Amino acid sequence: LSLKFGDVGNLKGLVIRFLLTTSYYQLSVQNWFSLHRLQLLYNHSIQATFNATRIHAPSSYSYHCEHVSSLQRYDALLIPSSANDLSKLWEVTFIDFQIQGFNIQEGHFAYAKDCASFFSPAILMGLVMSLILLLVLAYALHMLIHLKSLDRHYECKTSPAYFAQMKDSDIGDEKEPLRNSGSESYELRNQDFCKIYI
């Protein structure tokens with residue numbers, strides 16, 4: 001695939017050539033196309049060559065990427081082919097790059113396979129924060145499950161052995177005489193002794 005620009009400044013007959021190949025992959029059961037090489041031609045000869053990496057898509061799709069560049073800050077999908085080549089002197093960047101080499105219908109791009117990674121830094125940070133929140137929630141649930149019950153159980157038992165100090169005026173109400181073999185003894189009527197269990 002060639003883009004011909006003609007004369008641009010001192011560059012005579014500038015052409016950008018994309019070398020595309022198609023291959024069949026059994027795992028995906030379909031043909032894929034790949035961009036293998038990018039060549040810059042001017043002054044009627046090849047002046048710079050870049051090897052392309054990770055630029056591929058199913059042959060019925062197009063490939064789209066926000067930046068396809070030889071610069072490291074854009075992830076360098078274009079790599080100079082050799083140290084002796086003039087490509088070291090070039091910095092190539094395509095913005096909003098989209099390409100489709102095969103199965104083009106009515107002059108329009110097909111559905112695009114995007115180069116955006118599924119694990120971008122923002123997505124990874126979101127996953128880490130979600131994991132931290134899940135751990136905090138699991139710890140809180142663990143603490144709630146193992147929380148001891150605070151219900152109070154009261155058990156009241158009558159204790160005839162307990163005698164409180166009473167005034168003489170209350171003795172008539174709180175005791176009744178028991179007559180047993182001539183001796184006089186007393187028993188409390190309603191004296192309860194309570195135990196509280198927590």
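Throughout, residue positions are numbered sequentially from 1 according to the sequence presented. Quick caveat, the model's predicted, so the values are computed rather than measured.
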- Identify which one of L19, I16, V15 satisfies the side chain to side chain contact (heavy atoms under 4.5 Å, CB included) criterion when paired with Q39.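 Exactly one option meets the side chain to side chain contact (heavy atoms under 4.5 Å, CB included) with Q39, and it is L19.
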- Task: Only one of S60, S59, S23 passes side chain to side chain contact (heavy atoms under 4.5 Å, CB included) with N31; say which it is.
- Result: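 Between N31 and the candidates, side chain to side chain contact (heavy atoms under 4.5 Å, CB included) is satisfied uniquely by S59.
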Answer with yes or no whether the hydrophobic clustering places [X] together with [Y]; edges join I, L, V, M, F, W, Y residues whose side-chain heavy atoms lie under 4.5 Å apart.
| X | Y | result |
| --- | --- | --- |
| L1 | L14 | yes |
| L38 | L71 | no |
| L134 | I123 | no |
| V68 | L3 | yes |
| Y24 | L20 | no |

Measure the shortest side-chain to side-chain distance between [X] and [Y] over non-hydrogen atoms and say whether it is less than 4.5 angstrom.
| X | Y | value |
| --- | --- | --- |
| Y63 | F33 | yes |
| F50 | S81 | no |
| F102 | Q100 | no |
| H56 | Y25 | no |
| N51 | L78 | no |

I'd like to know if the side chain of [X] and the backbone of [Y] have a donor-acceptor N/O pair within less than 3.5 Å.
| X | Y | answer |
| --- | --- | --- |
| E106 | H108 | no |
| H142 | A138 | no |
| S69 | V92 | yes |

Take atom [atom1] of [X] as the centre, draw a 6.0 Å sphere, and report whether it contains more than 12 heavy atoms from other residues, nucleotides or ligands.
| X | atom1 | value |
| --- | --- | --- |
| Y42 | OH | yes |
| D7 | CG | yes |
| F109 | CZ | yes |
| I95 | CD1 | no |

Rounded distance [0.5 Å steps], [atom1] in [X] versus [atom2] in [Y]:
| X | Y | atom1 | atom2 | answer |
| --- | --- | --- | --- | --- |
| L41 | N43 | CG | CG | 10.5 Å |
| L77 | I55 | CG | CD1 | 5.0 Å |
| R73 | T93 | CZ | OG1 | 6.5 Å |
| L144 | Y139 | CG | OH | 11.0 Å |
| I132 | S130 | CD1 | OG | 9.5 Å |
| L40 | T49 | CG | OG1 | 8.0 Å |

Of the non-hydrogen atoms in [X] and [Y], which two are nearest, and what is the gap between them?
| X | Y | value |
| --- | --- | --- |
| I99 | F97 | CG2-CE2, 3.6 Å |
| W32 | K113 | CZ3-CE, 4.0 Å |
| A110 | S62 | O-OG, 3.0 Å |

- Task: Determine which pairs satisfy disulfide (SG to SG under 2.5 Å) with at least one residue from residues 3-71, sequence neighbours left out, and list them in order.
- Result: C65-C115
- Name all residues meeting the ring-ring contact (aromatic ring centres under 6.0 Å, His included) criterion together with H67; count only those two or more places apart in sequence or in a different chain, and write none if there are none.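 Partners of H67 by the ring-ring contact (aromatic ring centres under 6.0 Å, His included) criterion, ordered by chain and then number, come out as Y74.
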Test: salt bridge (Lys or Arg N to Asp or Glu O under 4.0 Å). Region: [range]. Which pairs qualify, not counting sequence neighbours?
| range | value |
| --- | --- |
| residues 41-54 | R54-D75 |
| residues 16-38 | none |
| residues 39-50 | none |

- Message: Assess, by modelled atom type and distance only, whether the side chains of Q47 and S45 contain a donor and an acceptor separated by less than 3.5 Å.
- Response: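 The answer is yes; a qualifying pair exists.
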- Task: Sequence neighbours left out, what passes side-chain hydrogen bond (donor to acceptor under 3.5 Å, both in side chains) with S70? Give chain and number order.
- Result: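 Result, side-chain hydrogen bond (donor to acceptor under 3.5 Å, both in side chains) vs S70: none returned.
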